[in-house]
Amino acid sequence: MRRPDYEVFLVSRMREQYDQLNDSTAAVATGLQSIGRLVVSAAVLMCVPLAAIGMSGVLTMKLFGVGMVFAVLVDVLVVRILLGSAVMKLMGRAAWWAPGPLARFYTRYGIKETDVPTDTEKPVPVGV
């Protein structure tokens, strides 16, 4: 069964916040606060058809539906939101580390998470 990867939403938002705030703890907290409801809503939305399968009269289908609802909710609420955010907070600045060649590639080609200019890219005012 194909499902959206909620961790992409969470971590990309946290990375955007880290680029703006340069504080890992605040980035995890504000990233989770801003996108957490969307992730939980998407999981609940996935659980609705699975719960309908769980209402089937066939025992095998019922077990599949109930098991998948439980698995999706545990995955989103415990693994993605609770454990993922806790590990990101505990890792601190190391959570955003990139290997040297990859970091140089990003810098060389201007790949970044946000459009917020860094200290080296701030626009220079033009005199009139």
Side-chain angles (χ1 to χ4, degrees):
M1 177 178 220
R2 191 90 170 117
R3 63 175 180 75
D5 193 1
Y6 308 111
E7 196 71 15
V8 173
F9 297 131
L10 286 170
V11 174
S12 63
R13 184 63 180 157
M14 289 175 190
R15 178 63 194 200
E16 289 173 0
Q17 292 297 315
Y18 180 75
D19 286 344
Q20 291 177 354
L21 304 173
N22 205 20
D23 179 22
S24 185
T25 302
V28 170
T30 56
L32 184 60
Q33 180 183 14
S34 65
I35 206 79
R37 284 180 288 199
L38 175 70
V39 170
V40 172
S41 298
V44 169
L45 189 61
M46 279 186 57
C47 287
V48 169
L50 292 172
I53 292 172
M55 300 295 171
S56 171
V58 180
L59 183 62
T60 307
M61 294 297 287
K62 187 176 286 196
L63 289 173
F64 173 77
V66 171
M68 287 301 293
V69 167
F70 181 73
V72 167
L73 290 177
V74 166
D75 177 53
V76 169
L77 297 175
V78 175
V79 175
R80 307 288 178 168
I81 292 180
L82 184 66
L83 291 178
S85 301
V87 167
M88 297 283 287
K89 184 192 178 308
L90 289 175
M91 288 179 66
R93 194 164 166 250
W96 312 114
W97 175 81
L102 185 60
R104 286 190 296 275
F105 180 81
Y106 284 175
T107 304
R108 181 176 181 179
Y109 293 105
I111 300 171
K112 55 189 173 183
E113 293 290 325
T114 61
D115 292 331
V116 177
T118 60
D119 292 334
T120 58
E121 299 178 339
K122 289 201 175 163
V124 178
V126 179
V128 211

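Please read these numbers as outputs of a predicted model, since none were measured by experiment.
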*Find out if a path of hydrophobic residues (ILVMFWY) with successive side-chain heavy-atom gaps under 4.5 Å connects Leu50 to Leu77.*
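Result: yes, single cluster for both.
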_same_hphob_cluster(Ile53, Val44) at 4.5 Å side-chain heavy-atom cutoff_ = yes
*Of Asn22, Thr30, Asp23, which meets side-chain hydrogen bond (donor to acceptor under 3.5 Å, both in side chains) against Gln17?*
Thr30
Report the distance from atom [atom1] of [X] to atom [atom2] of [Y], rounding to the nearest 0.5 Å.
| X | Y | atom1 | atom2 | result |
| --- | --- | --- | --- | --- |
| Leu10 | Leu38 | CG | CG | 9.0 Å |
| Met46 | Asp75 | CE | CG | 9.0 Å |
| Phe64 | Met68 | CZ | CE | 5.0 Å |

*Which residues pass the ring-ring contact (aromatic ring centres under 6.0 Å, His included) test with Phe105, sequence neighbours left out?*
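For Phe105, the residues satisfying ring-ring contact (aromatic ring centres under 6.0 Å, His included) (neighbours in sequence not counted) are Tyr109.
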*Among Val74, Leu73, Val66, which residue meets the side-chain contact (heavy atoms from CB on, under 4.5 Å) test with Phe70?*
Val74
For the residue pair [X] and [Y], what are the closest heavy atoms and their distance?
| X | Y | result |
| --- | --- | --- |
| Val69 | Ala51 | CG2-N, 3.5 Å |
| Val8 | Ser12 | O-OG, 2.8 Å |
| Ala26 | Leu21 | CB-CD1, 3.9 Å |
| Gln33 | Arg37 | O-NH2, 4.2 Å |
| Val72 | Cys47 | CG1-SG, 3.8 Å |

Which side-chain N or O atoms in residues 83-96 pair as donor and acceptor under 3.5 Å with protein atoms at least two apart or in another chain?
from  : atom 1 : to    : atom 2 : distance (Å)
Ser85 : OG     : Ile81 : O      : 2.7
Trp96 : NE1    : Ser24 : OG     : 3.4

*If you link ILVMFWY side chains whenever their heavy atoms are less than 4.5 Å apart, which other residues fall into the same cluster as Leu63? By chain and number, please.*
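Reading the cluster by chain and number, Leu63 sits alongside Leu59.
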